[in-house]
Amino acid sequence: AHTAAFIHEISGGRFRFGVGVSHGPVHDRLGVKAGAPLADMRRFVTELRATEHAGELPPIVLAALRDRMIRLGGEIADGIVFANGARSHMARSLGQLPSAQRDDPEFFVGDMIPTVIADDEEEAEEAPAPRTRSPRLAERLASRLDGESDHDVRAERVGRQERASVRPITRPSAPEPAVTYPTRDN
């Protein structure tokens, strides 16, 4: 709580504290035994907010994928963020929030979307994106949503969509410094 409050203070209020419980494959890989995600998250947020002498806390944003975590975020947090949430599923997901949060411009809703930045289109097209191209990952995440059987629907629902617009991005050259600092040479 103290570190979050400190970062919030020095960022001028721009910091949002995102928290999540991760998911089974990561727990397995790390050898971690997870608890009950909803109860753990509720307890964490409650204890964080109850910490004395921490200072003003930043907005708390819950990582959400399933309906119950979305609803919990609407109940106890200042926002939610999805990991690769598909547009085709977003209206249903946002429907899990209480209308007060859906209509509140201060309630943060975000979506982490895999992005490739490259100097040319071919480079961007070929860039690896293992988190969204993995059929096994798509299968696991989709099964948590609603168990649909079609792989293409599953992959799309975790964020893999048609490449509607892949554009090269030209990186600007660094601007000349506005101020020159004395060196040994001058």
Side-chain angles (χ1 to χ4, degrees), residues 1-115 129-132 134 136-148 154 156-161:
H2 295 275
T3 301
F6 175 71
I7 295 170
H8 180 59
E9 180 181 341
I10 65 170
S11 72
R14 296 183 314 248
F15 176 64
R16 294 177 192 268
F17 187 31
V19 295
V21 295
S22 194
H23 62 286
V26 172
H27 296 153
D28 294 344
R29 189 178 78 236
L30 297 173
V32 174
K33 177 153 174 47
L38 295 169
D40 289 349
M41 188 59 67
R42 181 182 297 279
R43 184 175 51 257
F44 177 82
V45 171
T46 300
E47 290 175 3
L48 178 74
R49 288 198 166 135
T51 302
E52 293 183 12
H53 310 295
E56 181 183 346
L57 290 173
I60 298 170
V61 178
L62 297 193
L65 177 64
R66 291 181 169 177
D67 293 349
R68 292 185 297 168
M69 191 63 79
I70 295 168
R71 288 192 295 267
L72 182 65
E75 179 187 338
I76 67 169
D78 304 301
I80 57 172
V81 65
F82 297 93
N84 304 323
R87 288 187 307 183
S88 64
H89 198 67
M90 197 54 61
R92 183 186 171 288
S93 294
L94 293 174
Q96 300 302 309
L97 288 171
S99 61
Q101 277 71 21
R102 278 195 315 269
D103 299 336
D104 181 357
E106 297 298 315
F107 188 83
F108 179 82
V109 175
D111 189 4
M112 299 183 305
I113 301 171
T115 305
R131 294 184 66 173
T132 58
S134 165
R136 282 186 25 209
L137 177 61
E139 295 283 328
R140 286 193 306 264
L141 291 176
S143 70
R144 292 182 178 169
L145 289 173
D146 62 15
E148 291 185 14
R154 289 178 180 166
E156 192 276 334
R157 293 184 89 182
V158 296
R160 179 179 175 194
Q161 299 186 8

Minimum heavy-atom distance [X]-[Y], with the two atoms named:
X: Ala83; Y: Met112; answer: CB-CE, 3.4 Å
X: Gly73; Y: Ile80; answer: CA-CG2, 3.9 Å
X: Ser11; Y: Phe15; answer: OG-N, 3.2 Å
X: Gly95; Y: Arg102; answer: O-NH1, 3.5 Å

Would you indicate whether the side-chain heavy atoms of Val21 and Met69 approach each other to under 4.5 Å? yes
Suppose we screen for side-chain hydrogen bond (donor to acceptor under 3.5 Å, both in side chains). Which residues come up paired with Arg71, at least two apart in sequence or across chains? Gln96
Could you list the residues that satisfy side-chain hydrogen bond (donor to acceptor under 3.5 Å, both in side chains) with Asp111, not counting sequence neighbours? none
Qualifying residues under salt bridge (charged side-chain N to carboxylate O under 4.0 Å, His left out), relative to [X], sequence neighbours excluded:
X: Asp104; value: none
X: Asp40; value: Arg43
X: Arg49; value: Asp78
X: Arg42; value: Glu75

Is a donor on one side and an acceptor on the other found under 3.5 Å between the side chain of Ser22 and the backbone of Val26? no
Within the distance-only criterion (no hydrogens, no angle test), does the side chain of His2 pair as donor or acceptor with the backbone N or O of Gly55 below 3.5 angstrom? no
With sequence neighbours excluded, residues passing side chain to side chain contact (heavy atoms under 4.5 Å, CB included) with Phe44: Phe17, Val19, Leu48
Please identify each residue that fulfils side chain to side chain contact (heavy atoms under 4.5 Å, CB included) with Val61, with sequence neighbours left out. Arg16, Val81, Phe108
Residues 32-39 side chain polar contacts: donor-acceptor under 3.5 Å, at least two apart:
none

Give every residue pair that meets the salt bridge (Lys or Arg N to Asp or Glu O under 4.0 Å) criterion with at least one member in residues 3-15, sequence neighbours excluded. none
